[in-house]
Each structure stands twice: as structure tokens, then as C-alpha cells.
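Have a look at the structure below before the remarks.
Positions are given from 1, in the same order as the sequence printed here. Because the structure is a prediction, the values reported are computed rather than measured. As the structure lists them, so they are numbered: ligands from 1, and atoms in each ligand from 1.
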Amino acid sequence: MKIDSVKLVYFSPTATTQAVVRGIARGTGYENAEELDITRPAARMQSLKTSDNDLLIVGVPVYLGRIPALADEWLRTLQAGNTPAVCVVVYGNRAFDDALLELQDVLSARGCRPVAGAAFIGQHSFSTAATPTATGRPDAGDLEQAAVFGQNILKKLEAVLSADQIPALSLPGSRPYRMETCHPYKKGTVFWNVDFIAVSDACTQCGICGEGCPVGAIDPKNSRAIDTESCITCCACIRSCPEHAKTIKPGIVMDASERVYSLHRERKEPEYFV
Ligand SMILES: Cc1cc2nc3c(=O)[nH]c(=O)nc-3n(C[C@H](O)[C@H](O)[C@H](O)COP(=O)(O)O)c2cc1C
């Protein structure tokens, strides 16, 4: 079948998912693929309509074995008209559990025809100098594999006459999904409503961290003022600080960072389903 355009949609607070979906797009050979980065609140205000001549590549990180609630909310507004779609999850070397299957389910319900799926590894959001889980991932080897995956998707599409002929795709995972959705606004759950970010005197109040926050939890006039109830613990602010002024305090997120590093430091490799 003929593809007119490749469209990328991704939620990527610390940019590993963005790197992976761009790598896959490169492999498809479509220059100037359109990108919709739904990480920031303003971008999630716009919706997207796609047709059966588009190829949609959708990437999200894995949060507690699921797709992030914010990405899920936006994806439920997608209007896809029989659009071939690639499901991509990026996880921090622990596990992707049911996230890939969940992404496939959400996209199918919105009118997509899942053509392929993949789980890549990205530097863990909670990684620190002392707990460097999957640091540097995706690396050059991962991105090379992403490009080959992109080429194989195109070959698969070339072998069919229309989106209706795309064979059913079987992705790993179980239903009902094992973990509860990681919802930022859900109070009283283990992860949320945490005060986990330390801000040192190196903070210059440049405001970069606030601009990149996916939920607008950082006061634009005071980078130290973080709304801990809306914070989704994505660590974008820590990663984006040019002065390295933000770090993870001792507590629940630090404990998770140490646990992941002690149990899941052995290198995992990307998995593809074409
Ligand atoms: C709240 C939260 C939950 C996470 N849960 C998992 C998980 O269940 N399994 C895993 O391997 N990584 C997990 N991670 C790590 C991210 O999936 C990983 O670092 C990913 O590369 C981040 O993507 P991004 O760079 O696009 O933001 C979690 C990260 C956060 C912030």
C-alpha cells in the first residue's frame, strides 16, 4: 500500500521516547515526518485526525507497567481513519509489562490498524549518578535497530494493498492490565502527592524546568515552588536543569531508584513485533 506521510506522536518528558520514535521514522526513509510532541500541556490541547494513507508512529514511556495517564487521555481524542500505526513503548530497563498491549488497545479503539510494535530501553527517569540505570540509552546501537525496525515496517506495508489487509498483530501483555494506571491526579496512591525534588543554591531561577514540565507543576516565577499534587514524578525538571540544581531527595522515589538499579541493572535489548 502507498503511504503519503509519516506522523510521529510522542509523550517524552526526558526525551528518550522522542529519540526512539525519531530513529524509527528515519528508517522509514520519509524525510520531514510530521511530529506532534504531546509532552507539554499546550500541545495536548490540539487533536489529530489521520487517514489510511498516513503511517502513525506513537511512542510513550512505561510508567508502572502502563502507559502514562496523560498520554492515554490525549490518545483517546485521536481520530484515526483506518490508519496503519506503530506502537512503541520505552522503558527504564525494568519491564514494560502490559504497556505495549495497552497502547495497541487504545490505538485500535481510535481507528488505527496496528502494523508493528516495539519496546525499547531508555535511561530510567529516576537514574542518578549513584543509581545509573540504563544511562545513555537509547544508544547508537539502539537507534540503529530502530532504523532497521522502521525499514521492516515499510516492507510489511508494501506487501499489502490496503490497510484492511494488515494482518492482526499479537503483542505481549495481559488483560486486565496488571498494574493500576499511573494517574497524576489520583490522590493517596503510592507514587503521587510526593515531595521528592531537592533544589540547591545553584538554581538561578532561569525557568527552563518550568517550561518543560508536562503538567505545569512548577511556578514560572519560582522554580523552587513545585505543586506536588500535580507532579507526575517524570523527572523532566531534574534532567533539564542547566545548573544541575535539582536532585531526588531521600524518600519514596529515591528508594525506587535504588531498587531498580539493584534489581534491573543487567542490560536488556529492544524487542520488535512486526
Ligand atoms: C512514574 C514512572 C514510572 C516508571 N515505571 C517504569 C516501569 O514500570 N518499568 C520500567 O522499566 N521503567 C519505568 N520508568 C522509567 C521510564 O519508563 C523510562 O525512563 C523512559 O525511558 C522515560 O521516557 P522519556 O525519556 O520519554 O520520558 C518509570 C518512570 C517514571 C517517571
Side-chain angles (χ1 to χ4, degrees), residues 8-24 35-40 43 57-72 88-103 118-128 131-139 142-143 146 172-173 177-186 189-194 196-197 209 212-215 217 228 230-240 246 248 251-271:
L8 312 183
V9 172
Y10 54 85
F11 178 79
S12 187
T14 62
T16 62
T17 307
Q18 178 190 60
V20 169
V21 293
R22 284 182 176 170
I24 296 168
E35 287 196 21
L36 181 53
D37 175 356
I38 58 164
T39 311
R40 319 265 179 272
I57 305 177
V58 181
V60 295
V62 175
Y63 280 6
L64 297 186
R66 300 284 302 272
I67 68 178
L70 285 178
D72 179 53
V88 183
V89 297
V90 179
Y91 69 103
N93 209 59
R94 184 191 69 80
F96 58 97
D97 297 322
D98 302 323
L100 192 55
L101 181 66
E102 184 182 16
L103 182 58
F120 278 79
I121 296 87
Q123 175 164 342
H124 201 291
S125 320
F126 300 163
S127 68
T128 66
T131 56
T133 308
T135 44
R137 308 284 301 271
D139 57 19
D142 293 319
L143 295 177
Y177 313 126
R178 282 160 286 187
M179 306 287 275
E180 222 183 309
T181 318
C182 214
H183 199 293
Y185 306 116
K186 199 165 185 177
T189 51
V190 185
F191 259 85
W192 309 122
N193 207 355
V194 285
F196 81 105
I197 298 168
C209 58
C213 177
V215 289
T228 54
S230 51
C231 168
I232 60 167
T233 66
C234 70
C235 300
C237 57
I238 295 177
R239 216 45 73 68
S240 67
K246 290 194 163 173
I248 301 175
I252 190 166
V253 175
M254 181 59 91
D255 292 349
S257 175
E258 286 168 357
R259 195 170 52 247
V260 170
Y261 186 62
S262 70
L263 297 174
H264 306 285
R265 73 176 74 165
E266 199 175 311
R267 182 184 173 96
K268 294 198 168 83
E269 293 300 335
E271 289 173 60

N93: numbered ligand 1 atoms lying under 4.0 Å from its heavy atoms: 11 (O)
Short list, please: which atoms of ligand 1 are under 4.0 Å from a heavy atom of Q123? 18 (C), 19 (O), 21 (O)
Those atoms of ligand 1 less than 4.0 Å from some heavy atom in T233: 1 (C), 31 (C)
Ignoring angles and geometry beyond distance, decide whether T17 reaches within less than 3.5 Å of ligand 1 through its nitrogen or oxygen atoms. yes
Does ligand 1 have any atom sitting under 4.0 Å from a heavy atom of F126? yes
Considering only heavy atoms, which of Q18, R66, H124, H264 lies nearest to atom 15 (C) of ligand 1? H124
Return the set of residues passing side chain to side chain contact (heavy atoms under 4.5 Å, CB included) with C213 (not counting sequence neighbours), or none when no residue passes. V215, A217, I218
For F11, enumerate each residue passing the ring-ring contact (aromatic ring centres under 6.0 Å, His included) test, keeping only those at least two apart in sequence or located in another chain. none
Enumerate the atoms of ligand 1 whose separation from the nearest heavy atom of T16 is less than 4.0 angstrom. 20 (C), 21 (O), 22 (C), 23 (O), 24 (P), 25 (O), 26 (O)
Hey, does the side chain of R137 reach the backbone of R267 with a donor-acceptor pair shorter than 3.5 angstrom? no
With atoms numbered from 1 as shown, which atoms in ligand 1 lie under 4.0 angstrom from a non-hydrogen atom of C234? 31 (C)
Whether G65 lies under 4.0 Å from ligand 1, heavy atom: yes
Report yes if A15 has an N/O atom closer than 3.5 Å to an N/O atom of ligand 1; otherwise report no. yes
Give the atom numbers and elements of ligand 1 that come within less than 4.0 Å of a heavy atom of L64. 3 (C), 4 (C), 5 (N), 6 (C), 7 (C), 8 (O)
Mark yes or no for whether R66, through its side chain, and M179, through its backbone, hold a donor-acceptor pair below 3.5 Å. yes
